[in-house]
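Computed from a predicted structure; not experimentally measured.
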Amino acid sequence: MESSATIGVMIDHFGLLAPIYDRLITPPDPERLRELLRLPVAGVMLDAGGGTGRVSGQLRHLVGQLVISDESSGMLRQAQEKALCCPVAAGVERLPFGDGVFQRVLVVDALHHFADQRRAIAELARVLAPGGRLVIEEPDLHRVAVKFIAVAEKLALMRSKFYYPHEIGQMVADSGLRPEIVSDGGFATWIVADKRA
């Protein structure tokens, strides 16, 4: 639990960055994500921690419906202005959805920002439909540049907690899914997992 002193210095980084966020951060290759997510799909996709929709917005035409959840109201306002989806203000650790609602769940460059990664992954597994697929993209902590980013985010008073790909894979497996770690040797790694039908 965070102390009141820690809470007192929490900064709404994403609320501050929301108006310019899409210009600051380049989204991953949509073709790569389409392939990893096995799109198109007629069902509903959740972009958890999806902020402005900079990533899932490029995939919107490949799913029946898109839902973006995020804790930052500033980021969700940007997503809503794009008329991409149904924005939902929620922490990933307690998603306001029933079991097995989403055929696809996507988390891009956000897992390290969640307050409790293990609990968040368990929630993502809960809302994933049987036969559905979860794709998590995270910076690969094996890379020196990512270690520098992790330190910089701590100095900026962000609550970030980075994990190695195999640690994320284990959390996914602990949630009852079958993970596979996919890497091209670059900055990011993907943890792809299917839920038994």
Side-chain angles (χ1 to χ4, degrees), residues 21-22 25-72 75-76 78-114 117 119-139 165 168-184 186 188-197:
Y21 190 77
D22 288 359
I25 309 290
T26 304
D29 177 15
E31 274 305 302
R32 176 73 169 183
L33 286 176
R34 184 195 62 73
E35 195 177 287
L36 291 169
L37 285 160
R38 291 188 181 153
L39 298 178
V41 68
V44 187
M45 182 170 79
L46 172 65
D47 184 2
T52 65
R54 72 182 175 90
V55 175
S56 58
Q58 298 179 81
L59 305 170
R60 171 63 189 96
H61 66 288
L62 298 171
V63 298
Q65 184 179 1
L66 173 63
V67 175
I68 297 176
S69 71
D70 203 282
E71 287 184 330
S72 170
M75 297 288 265
L76 289 175
Q78 297 296 316
Q80 195 165 22
E81 285 175 13
K82 297 174 191 173
L84 292 173
C85 65
C86 305
V88 175
V92 179
E93 298 80 6
R94 282 198 176 156
L95 292 169
F97 309 113
D99 296 351
V101 174
F102 299 99
Q103 283 68 42
R104 298 292 184 269
V105 174
L106 176 65
V107 180
V108 174
D109 195 22
L111 184 72
H112 58 278
H113 293 299
F114 298 162
Q117 286 82 7
R119 187 171 173 185
I121 288 171
E123 270 292 272
L124 296 173
R126 179 186 69 77
V127 301
L128 185 63
R133 174 164 273 217
L134 165 68
V135 173
I136 299 172
E137 181 189 287
E138 270 291 284
I168 299 168
Q170 187 58 58
M171 286 186 251
V172 170
D174 291 346
S175 293
L177 305 180
R178 299 175 304 212
E180 175 190 355
I181 295 170
V182 179
S183 176
D184 60 7
T189 298
W190 299 269
I191 293 80
V192 179
D194 295 313
K195 189 170 188 174
R196 292 182 201 279

Under the 3.5 angstrom rule, does the side chain of [X] hit a backbone N or O of [Y] as a donor-acceptor pair?
X    : Y    : result
Q103 : V44  : yes
Q117 : L111 : yes
D47  : I68  : no
R133 : L36  : yes
E93  : R119 : no
Q58  : R54  : yes

Could you tell me whether the side chain of [Y] reaches within less than 4.5 Å of the side chain of [X], counting heavy atoms only?
X    : Y    : result
W190 : L33  : yes
R196 : R178 : yes
L62  : R104 : no

Problem - Straight-line distance of H113 NE2 to S72 OG, nearest 0.5 Å - result: 11.5 Å
For the student: nearest non-hydrogen atoms of [X] and [Y], plus distance:
X    : Y    : value
L76  : S69  : CD2-C, 4.5 Å
R126 : G98  : NH1-C, 3.4 Å
V107 : A110 : CG1-CB, 4.0 Å

Problem - Q80 atom CD, over 12 foreign heavy atoms within 6.0 Å - result: no
Problem - Atom CZ of R38 with >12 non-hydrogen neighbours under 6.0 angstrom - result: no
Exercise for the section: Evaluate the side-chain contact (heavy atoms from CB on, under 4.5 Å) criterion for residues I121 and I168: first the C-alpha distance (whole Å), next the side-chain angles of each, then the deciding distance (0.1 Å), finally the verdict. Expected result: CA-CA 9 Å; I121 288 171; I168 299 168; 4.3 Å; yes
Problem - Qualifying residue for side-chain contact (heavy atoms from CB on, under 4.5 Å) with S56, from V63, V67, L66, L46 - result: L66
